[in-house]
Each structure stands twice: as structure tokens, then as C-alpha cells.
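What follows is a short report on a single structure.
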Number of protein chains: 2
Amino acid sequence: MGATKSELFTPLQSELASLAKALAHPARIAILQELLQKNSCQCGELVSTIGLAQPTVSQHLKELKHAGLIRGSIEGSRICYCIDTTNWNRQKSLLEDFFQELPPLPQSCC
Amino acid sequence: MGATKSELFTPLQSELASLAKALAHPARIAILQELLQKNSCQCGELVSTIGLAQPTVSQHLKELKHAGLIRGSIEGSRICYCIDTTNWNRQKSLLEDFFQELPPLPQSCC
DNA sequence: TGGACCTATCGTAATATTGCAATGAAACAA
DNA sequence: TTGTTTCATTGCAATATTACGATAGGTCCA
């Protein structure tokens, strides 16, 4: 059917999956890397950096904004994007709590 | 079109996106949580725990296996799944390198 | 052998995602 | 005002994902 049966899962499971979904495209990874590296914000610059058409980049930016990972603010005729630091750190710790370190060779099975 | 233009991205970007895609469904998060918690492996147990049909769970397991996050081995008439520890730790550090901690309020823009 | 179990795979339907051309909206400069 | 620049939105086509019934292929036990 293609529709997730969301009533089966806990809020945490859904939140983690949403975060992962926001990261689940190389273009969005590339956008975040740009924003992390340049710290200062970008906009149409991203279009030429990434190599996708402007509407496509705009759509990816929308998804990242919806996930709370970035923010955008109008700055004259341009729009300034940057990492949403507070949310970023929250998501980071969410992921870290899930992605616990495992001892190299426990393998109590398999 | 629905097909990612993968030639535009670096191997690292594609790898991170693939990892995120593997985690981008609450059922797969739930499966991993089960495997992390019970340490020992599961199989048909997961079907009743998750609440999805058996073919659906089997499909999610296949994706997690393809992503290298879990392994499955035949154990009599059952199949024993568990976290692929080595790969897990590698993916973890991959994600950590990307998801760097950010100072609470730098905001050199926006 | 036959039946009971467990899991993978196939086939299919419903839905979601990706990508872009065309267009719209807002800011700015001449 | 008119034109330019910048970005969002709309609409659509192509592809991917999600879910499950039906079925196939194993193991195990009697």
C-alpha cells in the first residue's frame, strides 16, 4: 500500500524514523554538509553547488526545514539558510541514544 | 522523476543517505531496538512484536540485512537475526562524524 | 512419507518520493 | 513602472516504498 501503519509504533520510533528520512537523500546530506562547513548561510548558491534544478533544491530545503534541521530567514531579496542549532543537537542526542556502541564481538548468537 | 541522480554525489554522501534510508521506517527502528535489547536473536517473534504481517517484516529484515546492520543465520528451522556488530560500529562512527556537535548559539546568520 | 511449522519470494495495489518546466510572488534597481 | 534577481509553489511524469495474500522452499516430528 505504501502507507506506513504509524499507529503501531511509539512516538520515539516515529521520531527517529522521521529524522532518518530527512537524512535519507544524498542531496540533503550535501546541503547539510555545505551549511555545516560554511557555517554562514546559503540559498541559490546551493543550487550551483549541488547540481540539481532550483525547484528540486528548494523542495529538499523544505523537507529539511520541516524536519527542524535547518532554518531560513529572509534577508532582502535572498533567503538565508542555516542549521537550527538547538534542534540539531536534540536530534543528535536522539540518534546517539539509539545508536549505542556495541562491544566488538559479543555475538551471543549467529 | 523519483530516481536519485546519484552521479552528483560523493561516495560518503551516498553512503550516509543509504544508512539513513535503512533507518527511515519506524518498523525497522523497532526491529533494531528489539535486537539491541534482547541481544540474542529473533525471527518470527518479531512479527508478533511489531504487529505487521510476516511478509512485511521479512521485507524490512531484508533491507536491514542489505544495509549491513543485521545478520541472519539459519538455526534449525528458525532463522536467527542479530546486529552485525562490526558494521554497526562503523555506521555509527560514520554518522557521528557527520552529525557534529554544534555550539548552542553561534548563529552567524539568520 | 505426510503434516506442521517457519521464513523467503512473487505479484500486486496503494501511496510516497524525486525531479523539473512552468509559473507565481516578493525585493530591488533603473 | 518595468525589468531583474531570488526563491517558493504547482502540476506532472517517473520511480521507489510499503503492505500483504498467495505461494514456495526449507526443517522438524510423527
Side-chain angles (χ1 to χ4, degrees), chain A residues 1-9 13-14 17-31 34-35 41-67 70-82 109-110, chain B residues 1-9 13-14 17-31 34-35 41-67 70-82 109-110:
Chain A
M1 307 179 196
T4 294
K5 289 197 161 183
S6 50
E7 74 277 7
L8 292 178
F9 308 103
Q13 287 165 345
S14 298
S18 292
L19 168 59
K21 191 176 282 186
L23 301 175
H25 195 287
R28 294 195 287 273
I29 296 286
I31 289 173
E34 270 300 287
L35 293 184
C41 328
Q42 316 293 323
C43 41
E45 254 187 296
L46 287 167
V47 175
S48 49
T49 308
I50 308 287
L52 289 170
Q54 179 267 322
T56 308
V57 173
S58 189
Q59 189 173 300
H60 283 304
L61 286 169
K62 189 179 176 183
E63 286 174 59
L64 288 172
K65 200 157 57 176
H66 181 256
I70 66 175
R71 292 188 307 151
S73 62
I74 300 171
E75 205 153 276
S77 71
R78 311 197 164 198
I79 293 187
C80 169
Y81 282 104
C82 60
C109 69
C110 304
Chain B
M1 306 179 194
T4 295
K5 288 197 161 183
S6 50
E7 72 279 9
L8 292 177
F9 308 104
Q13 287 165 346
S14 298
S18 291
L19 167 59
K21 193 176 283 186
L23 301 175
H25 195 287
R28 293 194 288 272
I29 297 286
I31 290 173
E34 270 298 291
L35 293 184
C41 327
Q42 315 294 322
C43 42
E45 258 187 293
L46 286 167
V47 174
S48 49
T49 308
I50 308 286
L52 288 170
Q54 179 268 321
T56 309
V57 172
S58 187
Q59 191 171 298
H60 283 305
L61 286 169
K62 189 180 178 183
E63 286 174 59
L64 288 172
K65 200 158 56 177
H66 181 257
I70 67 175
R71 293 188 305 152
S73 61
I74 301 171
E75 204 152 275
S77 72
R78 311 196 163 199
I79 293 188
C80 168
Y81 283 104
C82 60
C109 69
C110 306

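Hydrogens, waters and symmetry mates are skipped; everything else that's a heavy atom, side chains included, is used.
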Whole angstrom is fine here: how far is it from CG in A:L46 over to C1' in D:dA8?
15 Å

Any donor-acceptor pair under 3.5 Å linking the side chain of A:R71 with the backbone of A:C80?
no

Tell me whether the side-chain N/O atoms of B:H60 come closer than 4.0 Å to OP1 or OP2 in D:dA19.
yes

Please step through side-chain contact (heavy atoms from CB on, under 4.5 Å) for the pair B:Y81 and B:L64, ending with a clear verdict.
CA-CA 10 Å; B:Y81 283 104; B:L64 288 172; over 6 Å; no

What pairs with B:L8 under side chain to side chain contact (heavy atoms under 4.5 Å, CB included), at least two apart in sequence or on another chain?
A:L52, B:K5

Here the distance between atom P of C:dA26 and atom CD of A:E75, to the nearest Å, is 19 Å

Could you state the atom-to-atom distance from CD1 of A:I74 to P of C:dC28 in whole Å?
10 Å

Does the protein touch nucleotides 6-16 of chain C at the base, only the backbone, or not at all? Give it as B, S and - per nucleotide, heavy atoms under 4.0 Å.
SBBB---BBBS

Step-by-step side-chain contact (heavy atoms from CB on, under 4.5 Å) determination, B:L46 to B:L61
CA-CA 10 Å; B:L46 286 167; B:L61 286 169; 3.9 Å; yes

Stepwise, does the side-chain contact (heavy atoms from CB on, under 4.5 Å) test hold for A:T56 with A:H60?
CA-CA 6 Å; A:T56 308; A:H60 283 304; 4.0 Å; yes

Can A:R28 and A:L23 be said to form a side-chain contact (heavy atoms from CB on, under 4.5 Å), step by step?
CA-CA 6 Å; A:R28 294 195 287 273; A:L23 301 175; over 6 Å; no

Distance in angstrom units between A:L52 CG and D:dA8 C1', rounded
16 Å

Can you measure B:I31 atom CD1 to D:dA19 atom P for me and round it to whole angstrom units?
10 Å

Round to a whole Å and report the spacing from CG of B:L8 to C1' of C:dG19.
11 Å

Once you round it to whole Å, what is the distance between C1' of D:dA19 and CD1 of B:I50?
14 Å

Could you state the CZ-C1' distance from A:F9 to D:dT18, rounded to the nearest angstrom?
11 Å

